[in-house]
Protein chains: 2
Amino acid sequence: MKKMEHHECISKLLPVRDTLDIIGGKWKILILISIWEGNKHFREIERSIPKLSTKVLSSELKDMEANQLITRTVINGFPVRTEYKSTAYSETLKSVIAELHDWGMNHRKKILGK
Amino acid sequence: MKKMEHHECISKLLPVRDTLDIIGGKWKILILISIWEGNKHFREIERSIPKLSTKVLSSELKDMEANQLITRTVINGFPVRTEYKSTAYSETLKSVIAELHDWGMNHRKKILGK
DNA sequence: CCGCATCCGAGTGGATACTG
DNA sequence: CAGTATCCACTCGGATGCGG
């Protein structure tokens, strides 16, 4: 990527902020990966992520549904079961996550590995 | 990026988290861009970013210096002046930011633009 | 099983004033 | 100018209990 020009900066900020809001929290990527791994139910997801409380999971799942990263389906019956699935759209985040991952790997080497 | 395998997931999480810790806050990218734009001094940077308080700026700059994204140079004299500059290393973040930006742009279109 | 409501403590961040 | 100190409002998130 070449040097950013000043007039480009402002227009870049909002979309960057949007993306960070959507995946930038402490849990969202973990939850997404948990679902990618095959976990479908609330308790399953909760148990797969240490230290994640029901309150936070609940609100994160809502955000993610609003952003179309997952779908939520209630299966009638008793007890009620709910199924969370990742959308095809969520797959488009993989290149973003890959970029974050690569930079983070490299950074570890730079900061720690001497 | 192809589908992630399960055993890859865990190894991906830490570096992703590292990167988000470094650029994921509310201000770090704004500050970096402000410095890229040419702002060098504490007050200059502060004034260029609405709503940013001195306390937060101060602590963000320290983090960023620790992560080698910027350098801090005190220029003797009175009053004291300090010069912040972005490092060559910080430029490596541009591809990450570009990826965040592209995804965010696309997402806006998907969510809002119908 | 799903997941919201409530209570509550700790940490964050803003405003302001002050030192070097 | 650079940055710290202090005070304080507010949010976040953990624990727990309950209703559907």
Side-chain angles (χ1 to χ4, degrees), chain A residues 13 17-18 20-35 37-87, chain B residues 13 17-18 20-67 69-87:
Chain A
L13 294 182
R17 194 104 291 296
D18 287 346
L20 289 175
D21 286 344
I22 290 167
I23 63 167
K26 197 170 171 186
W27 303 109
K28 294 218 172 62
I29 289 184
L30 299 186
I31 294 167
L32 197 51
I33 289 177
S34 173
I35 294 174
E37 282 181 34
N39 294 310
K40 290 175 159 40
H41 305 296
F42 192 88
R43 298 291 167 187
E44 243 174 29
I45 298 168
E46 183 192 359
R47 277 193 299 268
S48 73
I49 303 175
K51 302 290 178 189
L52 176 56
S53 70
T54 63
K55 186 167 73 174
V56 174
L57 176 56
S58 171
S59 92
E60 298 291 63
L61 287 170
K62 267 179 199 154
D63 287 352
M64 292 167 71
E65 191 188 1
N67 285 314
Q68 307 183 26
L69 301 182
I70 60 173
T71 58
R72 177 176 182 279
T73 313
V74 177
I75 301 169
N76 289 316
F78 195 84
V80 171
R81 285 182 75 74
T82 314
E83 202 171 278
Y84 294 95
K85 297 176 65 173
S86 63
T87 61
Chain B
L13 293 181
R17 194 104 291 298
D18 287 347
L20 288 175
D21 286 344
I22 291 167
I23 63 168
K26 196 170 171 186
W27 302 110
K28 295 219 171 64
I29 289 183
L30 299 186
I31 294 167
L32 197 50
I33 289 176
S34 173
I35 295 175
W36 280 341
E37 280 182 34
N39 294 311
K40 288 175 159 41
H41 306 294
F42 193 90
R43 297 290 167 189
E44 242 174 30
I45 298 168
E46 184 190 359
R47 277 191 299 267
S48 73
I49 304 176
K51 304 288 178 188
L52 177 56
S53 70
T54 62
K55 186 167 71 173
V56 173
L57 176 56
S58 171
S59 93
E60 298 290 63
L61 287 170
K62 269 179 199 155
D63 287 351
M64 293 168 71
E65 191 189 1
N67 285 313
L69 301 182
I70 59 174
T71 58
R72 176 180 181 277
T73 313
V74 177
I75 300 169
N76 289 318
F78 195 85
V80 170
R81 284 183 74 74
T82 314
E83 203 170 277
Y84 293 95
K85 299 175 64 174
S86 64
T87 60

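Just so it is clear, the structure is predicted and the values come from calculations on it, not from any experiment. So that the names make sense, note that chain A is the first sequence line, chain B the second, and so on, each numbered from 1.
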Practice problem: Would you mind telling me which of A/I35, A/I33, A/I29 makes a side-chain contact (heavy atoms from CB on, under 4.5 Å) with A/I31? | Solution: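 Per the side-chain contact (heavy atoms from CB on, under 4.5 Å) rule, the option paired with A/I31 is A/I35, out of A/I35, A/I33, A/I29.
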Rounded distance (Å) that lies between atom [atom2] of [N] and atom [atom1] of [X]:
X	N	atom1	atom2	value
A/K28	D/dC12	NZ	P	11 Å
A/I70	C/dG3	CD1	C1'	14 Å
B/E65	D/dA2	CD	P	15 Å
A/L57	C/dG3	CG	P	8 Å
A/K62	D/dG13	NZ	P	15 Å
B/M64	D/dG3	CE	P	14 Å
B/L61	D/dC1	CG	C1'	14 Å
A/I75	C/dC1	CD1	C1'	11 Å

Quiz item: Are B/T54 and B/R43 close enough, and set up right, to give a side-chain contact (heavy atoms from CB on, under 4.5 Å), and what steps lead you there?
Solution: CA-CA 9 Å; B/T54 62; B/R43 297 290 167 189; 3.7 Å; yes
Exercise. Let me know, please, whether B/R47 or B/S58 comes out on the 5' side of the other along DNA chain D by nearest nucleotide.
Key: B/R47
Locate the shortest heavy-atom distance separating [X] from [Y]; write the atom from each residue and the value.
X	Y	answer
B/S48	B/P50	O-CD, 3.6 Å
A/R72	A/T82	CG-CG2, 3.7 Å
B/V56	B/W27	CG1-CD1, 3.4 Å
B/I23	A/L20	O-CD1, 3.9 Å

Quiz item: Taking OP1 and OP2 of C/dC2, is either one under 4.0 Å from a side-chain nitrogen or oxygen of A/H41?
Solution: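 Answer yes for this pair, as a side-chain N or O of A/H41 is under 4.0 Å from OP1 or OP2.
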Quiz prompt | B/R72 side-chain N/O to D/dA2 phosphate OP1/OP2 under 4.0 Å | solution = no
Exercise. Could you walk me through whether A/E60 and A/K28 pass salt bridge (charged side-chain N to carboxylate O under 4.0 Å, His left out), step by step?
Key: CA-CA 7 Å; A/E60 298 291 63; A/K28 294 218 172 62; 3.1 Å; yes
Below 3.5 Å between N/O atoms, which protein atoms pair up with nucleotides 11-18 of chain C? Just atom names and distances, please.
residue : atom : partner : partner atom : Å
C/dG13  : N7   : B/K55   : NZ           : 3.3
C/dG14  : OP2  : B/S53   : OG           : 3.4
C/dG14  : O6   : B/K55   : NZ           : 2.2

Exercise. Any chance you could measure A/S86, atom OG, to A/Q68, atom CD, to the nearest 0.5 Å?
Key: 13.5 Å
Quiz item: Once you round to the nearest 0.5 Å, how far does CG of A/L61 lie from CD of A/E46?
Solution: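 These two atoms lie 10.5 Å from each other.
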Quiz item: Is there a residue in residues 78-86 of chain A whose heavy atoms reach under 4.0 Å of DNA chain C, and which residues are they?
Solution: A/P79, A/V80, A/R81, A/T82, A/Y84
